[in-house]
Protein chains: 2
Amino acid sequence: MAKVNRTRYAVLGMLSFRPMSGYEMKKYIDNSIIHFWQENFGRIYPVLRSLEREGLATKQVDQEEGRPVRHVYSITEKGRRELARWLLLPAERPNWRIELLLKLFFGSQVSVANMIRKVRSEKAFCRHTLETFQQLEDHIKSHESGTEIPYGLITLSYGQHYYRAVEAWCDETLERLRRFEGEGEPARSNGFGKQ
Amino acid sequence: MAKVNRTRYAVLGMLSFRPMSGYEMKKYIDNSIIHFWQENFGRIYPVLRSLEREGLATKQVDQEEGRPVRHVYSITEKGRRELARWLLLPAERPNWRIELLLKLFFGSQVSVANMIRKVRSEKAFCRHTLETFQQLEDHIKSHESGTEIPYGLITLSYGQHYYRAVEAWCDETLERLRRFEGEGEPARSNGFGKQ
DNA sequence: GCGCCCATGTAACTAGTTACATGATTCA
DNA sequence: TGAATCATGTAACTAGTTACATGGGCGC
């Protein structure tokens, strides 16, 4: 199965909302979808160029008095069709690589206190993230019209469900680990038998 | 910040349980941590070699009558120290790239029926995954001794919390989307104002 | 004879990150 | 004067995936 360049579609999607420059787009992304999608300049700029080359976007150079030159890109009809085509394809599921869980899985190699510390730190991160989500929610709600489909709230809600679940898991895990607190000697089994 | 080669530690961690070959390790991984960590042969074999070169593992060639040759690797004391050193470092948080959410975020470019289909499919996937998790849970519980720290159950529980949360989010989202069912004309706003 | 499982590996590729280079303006 | 922000870009790198190559044994 041919791998698709997803940055391409992330960028195209952003342009479907309104024309913007690469720099603006990075900020837009960091304020909206950052909790499930990241992009960096090293990819945004080359992708914008290639979209232009392929006729999926057009570029206007915007020189304002005493400001750096901005390259503002707009999506074309062809670009919109290409975006829609991709949207209809089934979404590929990500391959998770969750380092915290990998470390926990091998946790018996070190003392339980170390693992407790990691889970506590994860819980703090969840709490912090949920707070910023609350602000994002307020922001979106103050901007939405009520007649549109609230896709921004929908994707945000995923994050809220996710971090609430991780927080609950942290509590459960801390409870479990505390029963073994103080045990010094690392064991070497894990509940999985011969594979 | 220097990037660490995480496959290296995944492999080292697996060897910390018992000596095994690359082929066995792949199966072990696919039966235990696959829901949060994947590895493929293209990385396992080269890493095993480099671990041996660096003295973190040793290799024995195992030739059984009428069977293919197996290269069985064992972790060394140096390897165990290197694993422990890594375990104590803070876990790096993954950069999520969840394509389903990216497509939903741009959902207003196509009809709502398409997005409903995607969310339904996600829900089915959650249900299916939770069922296989149940089997895994039974398997682990039948193998664990009760005196060890249940790290296998702990990492599994993360997955269970996660997929239950996503399932709930699917229900909530379907509810939301159904209110807009039948609306044909794609809109072009998303609840995010000027950034 | 065919397909599947065992078993080890390499090569080619795509994706993604980070560091660097440049230079102007604004604000403390 | 120095830091932060605006703004665009490239080069070098690491990570990760997929396809391919090889070959024996086993069951249908």
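Proteins come first, then strands; the chains are lettered A, B, ... in the order of their sequence lines, and each starts at number 1.
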Integer-rounded Å distance: [N] [atom2] and [X] [atom1]:
X	N	atom1	atom2	value
B:Glu24	C:dT8	CD	C1'	13 Å
A:Phe41	C:dT22	CZ	C1'	14 Å
A:Gln38	C:dA15	CD	P	17 Å
A:Asn40	D:dG9	CG	P	15 Å
B:Glu39	D:dT18	CD	P	13 Å
A:Arg8	C:dT14	CZ	C1'	14 Å
A:Tyr73	D:dG9	OH	C1'	10 Å
A:Lys26	C:dG16	NZ	P	15 Å

DNA chain C nearest-nucleotide lookup for A:Thr7 and B:Val72: closer to the 5′ end is B:Val72
Of B:Val69 and B:Gly42, the one whose closest DNA chain C nucleotide lies more 5': B:Val69
Should [X] be listed as having a side-chain N or O under 4.0 Å from OP1 or OP2 of [N]?
X	N	result
B:Arg6	D:dA15	no
B:Asn95	C:dG16	no
B:Ser21	C:dT8	yes

Have a look at the helix from C:dG1-D:dC28 to C:dA28-D:dT1 and give the angle its two end axes make, five pairs each, rounded to 10 degrees. 30°
Check [Y] with [X], please: is the shortest side-chain N to carboxylate O separation under 4.0 Å?
X	Y	result
B:Glu92	A:Lys103	no
B:Lys78	B:Glu82	no
A:Lys118	A:Glu122	no
A:Glu39	B:Arg97	yes

Given B:Phe17 and A:Phe105, is the ring pair (Phe, Tyr, Trp, His ring centres under 6.0 Å) satisfied, shown in steps? CA-CA 11 Å; B:Phe17 293 137; A:Phe105 193 71; 5.6 Å; yes
Nearest-nucleotide pick for [X], side chain only, options being [options]:
X	options	result
B:Arg49	C:dT17, C:dG9, D:dT17	C:dG9
A:Tyr45	D:dA15, C:dG9, D:dT8	D:dT8
B:Tyr23	C:dC5, D:dG16, D:dA7	C:dC5
A:Arg70	C:dA15, D:dA15, D:dA7	D:dA7

A side-chain contact here means heavy atoms from C-beta on lying under 4.5 Å apart; do A:Leu15 and A:Leu48 qualify? yes
Once the angle between the rings of [X] and [Y] is folded into 0 to 90°, is it parallel (under 30°), tilted (30 to 60°) or perpendicular (over 60°)?
X	Y	answer
B:Phe41	B:Tyr23	parallel
A:Tyr158	B:Trp169	perpendicular
A:Tyr9	A:Trp86	parallel

Contact state string [nucleotides 23-28 of chain C, B base, S sugar-phosphate only, - no protein heavy atom under 4.0 Å]: --S---
Decide whether A:Tyr73 and A:Arg49 meet the rule of one side-chain donor and one side-chain acceptor closer than 3.5 Å. no
